[in-house]
> 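The structure follows.
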Amino acid sequence: MSIHITLPDGAVREYPSGITPLEIAKSISEGLARNVVAAKINGEVCDATRPIQESSNLVLLTFNDTEGKKVFWHSTAHLLAEALESLYPKVKFGIGPAIDNGFYYDVDMGEKGVLSSHDFPAIEAKMLELAKQKNPYIRTEVSKQYAVEYFEKKGDQYKLELLENLQDGSISFYQQGNFIDLCKGSHLPTTEPIKAIKLLNIASAYWRGDESRNTMTRIYGISFPKDKELKEYLHLLEEAKKRDHRKLGAELELFMFSERVGAGLPIWLPKGTALRTRLEDFLKKEQQKRGYQLVITPHIGGKNLYITSGHYEKYGKDSFQPINTPREGETFLLKPMNCPHHCEIFAHKPRSYKDLPIRIAEFGTVYRYEQAGELHGLSRVRSFTQDDAHLFCTVEQVKGEFLNVLELTLLVFQKMGFKDYTAQISLRDPATPEKYIGSDENWAAAERAIIEAAAEKGLKTTTELGEAAFYGPKLDFMVKDALGRSWQLGTIQVDYNLPERFDLSYTGTDGQAHRPVMIHRAPFGSMERFISVLIEHTAGRFPLWLAPDQAIILPISEKFLDYSQQVAQFLDSKGIRATIDERAETTGRKIRDAEMRKIPIMIIVGEKEADTQTVSVRLKDKENGDKGAMNWGDFANLFQELLDNE
RNA sequence: GCCUAUGUAGCUCAGGGGUAGAGCACUUCCUUGGUAAGGAAGAGGUCGGGAGUUCAAAUCUCCCCAUCGGCUCCA
C-alpha cells in the first residue's frame, strides 16, 4: 500500500506505507538526510525514525529549525545523563528538558554531594566519547507497570514520581548506549550529530520547583552539530558579558548601588542622569504633541487609596510595610503604581464626553518589594520610574488610543535603534470568563480594537489566550537587541477594573453618567529596565543625541589649553556637550582613554589647528574615524549631520 | 524568601593562624607630545559587618549584609 506525503513546499510524493521521515529525506537528498534531526508529521514533532502509516503532511526538521534545535538539545541532555551515570553511578535523575538556549538536567548526586564546574571538562569529554559511538536513540513503548518496576529496581524515586502522573499506554522509554530514560521524545536518530558540547553553568533547583522538596543540582549546557557554531555561541556569550549593563554602568559611571542606601535601589550618577533625562525629555516632547498632560504625584499614598484600588488586598503583605505618622496614626504606603493617584486626578472634577480622551502622564517612581534573590542590576530593582500614562476614554475611543500609543512606541524603538520586535497580544481565556472583570461586550470590543490596531500598524504579533490580566487585555512589546536576545519593554493594558473601583464617570451625550475605560501604557516600560537594555544593545556606545559626553577635546600639549577653551566655548554655544582632557598625557593616551569612555567624537587640537582656527576630528568608528582638520563651522555642520542621520 | 558560590586598595585580582601584595587608576615631579597605554616617586586597606575559638583571626567556626548563578515570585 502506498501513501502520499505532502512537503512544506506543497509537493506531494508517493511512498510505501511504513516509510520513515529519515528514509524520505534520503530519497530527496543525502545531504538533507544527514541534517535531519526530527520530523513534524501533521504538525506533531516526532522521531525521524518513526514509520508513517498514512498519508500525511511532513516537515523535516533540521538544527536550523527552532523545534529541531529543541530535539537536538533534548537528546544532548540524555547524553549528559548517560555520561553522568557512567562517571557517578549513584546519580539519580529528575528532568532534563531543552530550553531556549540549550538544555539542562536536574540530578541528585546522592552521597557524592555537589558537583562543581571543575568537573565539567571530564563530563564533556565523556559525552563526546559517548556521542562518537553513534548509538541510536531507541524508543520503546512500555507499560506503566514495567516502567515502575524498572525505576524501582534502579532506585530512582524522581522518575517514579513522574510516572505517577502518567497514563498507562502513553509511556515510552528512550535508550542510547547503556542509558535508559523515561521520556516522551522526540530524539535524534543517533548521537552522531552531536559534535560540539559545552556545559555552561551549575545551579541548584528544587525538585518540581517546590521549595519544600529536595534540591537538585541543575547542570546547564548547550550543543551544536558543528564546532564552529559552538565557538560562535561562546563568543556571543562573551560579548554579552562584555556588554553587561552592570559592568558598563559602573565603568561609564552611569549608576551605582550602595549597601547603605539599600539593595535594589539604584543611584543615578551625573552621566546616567544626563542620559536618562534626555530620554525623558524626548518622550515628554512627543507626548505633548499627542495631547498628553504631565502630572506629578507623591511617592506615598494613604492606605485607603490602595484599599480602593485593590492593590492593598492583593499585594499588601508582600510590599514594603506601611509608614505611619507619629501623632495622628495615619497609615501611608510607598506607591507601587501610579494609576490610583491618576484615578484621583480624573475624579477631582466632573468630566464630560467632550473632555475625553484624557491622557495623564507621569514619570512616576514606584517602589515594590522584590525578593532579595531576585534583584539584578537595573533590570530588577525595588525602586524604579515608569514612563507611565493613563488614558481615560470611551469604549469607542479605545482603538484610536491604541493606534496613537502604538505609533508612539514604534517611534521610540526606531529612535533607539531597535529594529526587531514583536507584539504579544494577551487575551482572556474564553473557557474561564468568571476570572475576568468587565462586561463581555466591552472585552470583545477592546480585544478587537487591539487586534485591529496592531494589524493596521503592520506589527508582527503573537496572540496568547488566557494571558490577559483579570482587569483587561494587553499588548506587550518583545524587543530583540543587537545580540538577538529578547526583552519585554513597552506595554499597553486596557483596564476595566480601576474605573469601577474608583467609581469614575463622565457625562455622555445623553446626560447620563458613563464609566470610562482606562488604558495603562509605558513605551519604555521603566527607565531603569529600558536603560539596562539600551546599554547592552549599544554596548555603551550610545547614539550621539543620548551620549552623556558627545565630544572630548584633546589638546596635543598644555600649550594649547587656551585654544581648547575657545573651542569648548564654541561647542557649548552650539549645544554640543564637550569636555577637555587637560591632563599632561600623550595624545595617544588621551585617545585611548576617550575610546574606553566610549565618547563619540574626539577633537584633537595642536599647533596646526590653533594657527588655522580649525579642529581635527576623530570619530569612534575605526574605518573612517579620522575626519581630518576642518574649521569650527564645518564641524558644527558635521555634528548636525551625524545627529540627523541617527 | 530558598539553594550554590563569592566578598582583600577606586577597578581587576594574588595571598593566607604571627608587620597586607601586584597591575591599572589616583597624587606629585620630569617629559610638551600628532591619532588606542611616556618615565619616576608617592599616597591609598580595621581584608563586607558582628560574635566566637585562639597567646594571636584577613585567614578557622557561627550569624548577619551585599553580590554572582539559579529556583520561586513579579500590580
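Since the structure is predicted, the reported quantities are computational estimates derived from the model, not experimental observations. Below, chains carry the letters A, B, ... as their sequence lines are ordered, and counting in each starts from 1.
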> If you look at every strand shown and take non-hydrogen atoms under 4.0 Å, does A/R380 touch a base, only sugar-phosphate, or nothing?
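Since a base atom lies under 4.0 Å of A/R380, the category is base.
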> Can you identify which nucleotide, out of B/rG34, B/rU67, B/rG1, has its nearest atom closest to the A/Q371 side chain?
B/rG1
> Tell me what A/F257 touches on the nucleic acid: a base, only sugar-phosphate, or nothing, going by heavy atoms under 4.0 Å.
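No contact at all - A/F257 keeps every heavy atom at 4.0 Å or more from the nucleic acid.
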> Applying side-chain hydrogen bond (donor to acceptor under 3.5 Å, both in side chains) between A/H520 and each of A/Q386, A/H342, A/H390, A/K474, report the one that passes.
A/H390
> B/rU67, B/rU35, B/rU32: which one has an atom nearest the side-chain heavy atoms of A/A263?
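Per side-chain heavy atoms of A/A263, the pick is B/rU67.
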> Please confirm whether A/Y104 and A/Y220 have ring centers closer than 6.0 angstrom.
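For A/Y104 and A/Y220, the ring centres are under 6.0 Å apart.
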> Suppose you measure atom C1' in B/rC63 against the same atom in B/rC74; what distance do you get, rounded to whole Å?
30 Å
> Which part of the nucleic acid does A/G606 contact within heavy-atom distance under 4.0 Å: base, sugar-phosphate only, or nothing?
base
> In terms of side-chain geometry, is the basic nitrogen of A/E536 or A/R485 positioned less than 4.0 Å from the acidic oxygen of its partner?
yes
> Test of understanding: with side chain to side chain donor-acceptor pair (under 3.5 Å), list the residues that count as partners of A/T297, not counting sequence neighbours.
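For A/T297 the side chain to side chain donor-acceptor pair (under 3.5 Å) partners, ignoring immediate neighbours, are A/K335, A/E362.
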> Could you pull out all residues at least two apart from A/R583 that satisfy side chain to side chain donor-acceptor pair (under 3.5 Å)?
A/D581, A/D593
> Pairs counted only when both distances fall under 3.5 Å, Watson-Crick or G-U: show me the 5' to 3' dot-bracket for RNA chain B, [ ] for pseudoknotted crossings and | for other-strand partners.
(((.(((..((((....[..)))).(((((.......))))).....(((((..]....)))))))).)))....
> What's the closest nucleotide to the side chain of A/E585 if the choices are B/rG34, B/rG38, B/rC71?
B/rG38
> Partners of A/W207 by side chain to side chain donor-acceptor pair (under 3.5 Å), sequence neighbours excluded?
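If we apply the side chain to side chain donor-acceptor pair (under 3.5 Å) test to A/W207, skipping adjacent residues, the hits are A/E161.
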> Heavy atoms only, 4.0 Å cut-off, all strands: where does A/A584 land among base, sugar-phosphate and nothing?
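Base, at least one base atom sits under 4.0 Å.
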> Assign A/E251 to base, sugar-phosphate, or nothing according to its heavy-atom contacts below 4.0 angstrom with the strands shown.
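Here A/E251 touches no strand at all.
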> Side chain of A/S616 only, heavy atoms from C-beta on: which candidate in B/rG33, B/rG7, B/rU35 is closest?
B/rU35
> Which of these nucleotides, B/rG38, B/rA75, B/rU67, is closest to any side-chain atom of A/P336?
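The listed nucleotide nearest to A/P336's side chain is B/rA75.
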> I want to verify a distance call: between B/rG70, B/rA36, B/rG34, whose nearest atom is closest to the A/I591 side chain?
B/rA36
> Looking across every strand, which nucleic acid part, if any, lies under 4.0 Å from A/T491 by heavy atom: base, sugar-phosphate, or nothing?
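The answer is nothing, as A/T491 stays clear of every strand by at least 4.0 Å.
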> Which whole number of Å gives the distance between the P atom of B/rA75 and that of B/rC13?
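Each nucleotide's P atom is 36 Å from the other's.
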> Would you kindly check whether a donor in the side chain of A/E609 faces an acceptor in the base of B/rG34, or vice versa, at under 3.5 angstrom?
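When only heavy-atom distances are counted, A/E609 does reach the base of B/rG34 through a donor-acceptor pair under 3.5 Å.
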> Where the side chain of A/E259 is concerned, which of B/rG38, B/rA66, B/rU32 is the nearest nucleotide?
B/rA66
> For A/L554, report the nucleic acid contact type (base, sugar-phosphate, nothing); a contact means any heavy atom under 4.0 Å.
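Contact class for A/L554: none.
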> Touch check for A/K590, heavy atoms < 4.0 angstrom, all strands: base, sugar-phosphate only, or nothing?
nothing
> Not counting sequence neighbours, which residues clear side chain to side chain donor-acceptor pair (under 3.5 Å) with A/R368? List them please.
none
> Taking atom C1' in both B/rG17 and B/rU53, compute the distance separating them and give it to the nearest angstrom.
11 Å
> Looking only at side-chain atoms of A/Y315, point me to the closest of B/rG33, B/rG69, B/rA75.
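Within the option list, the nearest is B/rA75.
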> Indicate, with a heavy-atom threshold strictly under 4.0 Å, whether A/A372 touches base, sugar-phosphate, or nothing.
base
> Measure from the side-chain heavy atoms of A/M337 and tell me the nearest of B/rA36, B/rA75, B/rG34.
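Among the listed nucleotides, the one closest to the side chain of A/M337 is B/rA75.
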> With RNA chain B as reference, determine whether A/R368 or A/A203 sits nearer its 5' end, using the nearest nucleotide of each.
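Result: A/A203.
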> Going by side-chain contact (heavy atoms from CB on, under 4.5 Å), name the residues that satisfy it together with A/H376, two or more places apart in sequence or in a different chain.
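Counting only residues at least two positions away or on another chain, A/H376 forms a side-chain contact (heavy atoms from CB on, under 4.5 Å) with A/H245, A/R246, A/S379, A/R380.
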